[in-house]
Amino acid sequence: MLAEKRILLIIGGGIAAYKSLSLIRLLRQAGVAVTPVLTRAGAEFVTPLSVSALAGEKVHSALFDLTDEAEMGHIQLSRVADLVVVAPATADLMAKLAQGRAEDLASTLLLATDTPVLVAPAMNVRMWEHPATQRNLTVLRGDGVGFIGPNDGEMACGEFGPGRMAEPEEIFAAIQAALGDKVMAGKHVIVTSGPTHEPIDPVRYIANRSSGAQGTAMAEALRDLGARVTFVTGPSSVPPPQGVEVVKVETAAQMLVAVEAALPADAAVMAAAVADWRVENAGAQKMKKDASGQVPALKFTENPDILAQLCRSVRRPALVVGFAAETEKVVEHATAKRLRKGCDWIVANDVSAQTGIMGGTENAIVLITDAGAETWPRMRKDAVARALADRIAQTLLAR
Ligand code: CTP
């Protein structure tokens, strides 16, 4: 899908321009063609040679380049792409775009283009927060311009706050979302994510190390394919995705209620690391230390198995995907789990501490279906999610 697309990438001035080189590499690796445009200020930070070497194409920089005008006029150049991306976008470039000025090649292309535009701003925090920039942002959003970032963080100038350009991976994901085919339009998918917290008393709880990263990435990937996503999440350490319906819960019992309330659905992706047990004798008040030195004995009771209940339900979605967190005999345990729980697929992974998967950014999965076990190479969690979302889409559309 992405492989036949072309991006017109405008690289503005700013220290973040070096990150646009990584973005070009990510795009090229995905088979996306990149037509690079370097502003005069951009060329102060990265050289035309490094840009063209990575893009594998000529860099355009001057508005009145006679050779360019003969080969390709600026109007034509503005139309060659499926998407125009400005990364980094300075305050000045945003102002020019908001006012419709055509002073140099970049602003002229932005005015002349009839393709969607995605902007990744990068500037000092005061410049970003200035009413003029915020006004321009509102105007541009109203004009249908898409934005990714800026992120919060420490900036090259030493100040802290919003203004850092989004990371190349985030810009790449936004490009993918903007260009992707909406093959899941009209489909509803429930995604569970994160750990659950099971109270011991009002201030203490039992939890696990799940960050919610894989479930969040799944929800984003399905959303990007056009699905309506209900995202039922326990207390995760990563923020929930934009553009999906977020239902926040704490306990397994609450998660079950939220999943049932979200039905009917075409598919369910149960990525949550649900606690198997809850404390039966949880205190209504904070447990206090006993003067005699006696330690409390917690009594556990089993939580409902949300996945198994959903699979047995009369309102079972057509495709139910479970996850299996294992620390040994991954394929054997996950294969048995698929049959025991009655789901269509199990996404199994080895979460032993040395793999760094639980709480990390990468995942190495084995996909268990009725056809057997497929071992996937270790990839970033968002790449795993995109590949799984594509497989879910193909499966639902084939039915
Ligand atoms: N799951 C669930 N409800 C539970 C426990 C697990 O819905 N009470 C779901 C998880 O969301 C996941 C799958 O079941 O999709 C497997 O979770 P996992 O923790 O690997 O399996 P368990 O059932 O807990 O099995 P075990 O602890 O014996 O490995």
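Nothing fancy with the numbering, it's 1 onward along the sequence. When reading the values below, keep in mind they use all heavy atoms of this one structure, side chains included, and skip hydrogens, waters and symmetry mates. Counting starts at 1 for both ligands and their atoms, following the listed order.
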Any N or O of [X] that comes nearer than 3.5 Å to an N or O of ligand 1?
| X | answer |
| --- | --- |
| Asn303 | no |
| Ala271 | no |
| Ile306 | yes |
| Ala273 | no |
| Leu307 | yes |

Strictly below 4.0 Å, N to O, side chains only: are [X] and [Y] in salt-bridge contact?
| X | Y | value |
| --- | --- | --- |
| Asp390 | Arg386 | no |
| Glu57 | Arg6 | yes |
| Lys182 | Asp224 | no |
| Lys381 | Glu362 | no |
| Arg79 | Asp114 | yes |
| Lys341 | Asp305 | yes |

Next item on the list: Would you tell me which option among Arg340, Met255, Glu326, Arg278 has the nearest heavy-atom contact to atom 28 (O) of ligand 1?
Entry: Arg340

Note to self: Below 4.0 Å, non-hydrogen atoms only: which portion of Asp276 touches ligand 1? Side chain, backbone, both or neither.
What the structure shows: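 Within the 4.0 Å criterion, Asp276 contacts ligand 1 through side-chain atoms alone.
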
Next item on the list: Answer side chain, backbone, both or neither: which part of Lys337 comes under 4.0 Å from ligand 1, heavy atoms only.
Entry: side chain

Which residue and heavy atom of the protein sit nearest [atom], plus the separation:
| atom | value |
| --- | --- |
| atom 17 (O) of ligand 1 | Phe323 O, 3.5 Å |
| atom 22 (P) of ligand 1 | Lys341 NZ, 3.7 Å |
| atom 15 (O) of ligand 1 | Met270 O, 2.6 Å |

Margin query: Once you measure the plane-to-plane angle for Tyr205 and His197, does it fall in the parallel (<30°), tilted (30-60°) or perpendicular (>60°) bin?
Written below: parallel

Margin query: Against ligand 1, does Pro304 come closer than 4.0 Å with any heavy atom?
Written below: yes

Next item on the list: Report yes or no: does Ala252 have a heavy atom closer than 4.0 Å to ligand 1?
Entry: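 Flag not set, Ala252 not near ligand 1.
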
Residue [X] vicinity, atoms of ligand 1 by number, heavy atom under 4.0 Å:
| X | answer |
| --- | --- |
| Ala272 | 10 (C), 11 (O) |
| Gly322 | 15 (O) |
| Ala324 | 20 (O) |

Notebook entry, point to check: Is atom 19 (O) of ligand 1 less than 4.0 angstrom from at least one protein heavy atom?
Noted result: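 It does not: no protein heavy atom is found less than 4.0 Å away from atom 19 (O) of ligand 1.
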
Note to self: Between Arg223 and Arg228, is there a side-chain heavy-atom distance shorter than 4.5 Å?
What the structure shows: no

Notebook entry, point to check: Rounded to the nearest 0.5 Å, what separation is found between the CG atom of Asp382 and the CD atom of Glu170?
Noted result: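 One finds 9.5 Å between CG of Asp382 and CD of Glu170.
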
Item checked: Whether Asn303 side chain and Ala275 backbone form a donor-acceptor pair below 3.5 Å ->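 Answer holds: yes.
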
Notebook entry, point to check: Can Glu326 and Lys337 be said to form a salt bridge (Lys or Arg N to Asp or Glu O under 4.0 Å), step by step?
Noted result: CA-CA 11 Å; Glu326 307 292 347; Lys337 208 170 263 183; 2.7 Å; yes

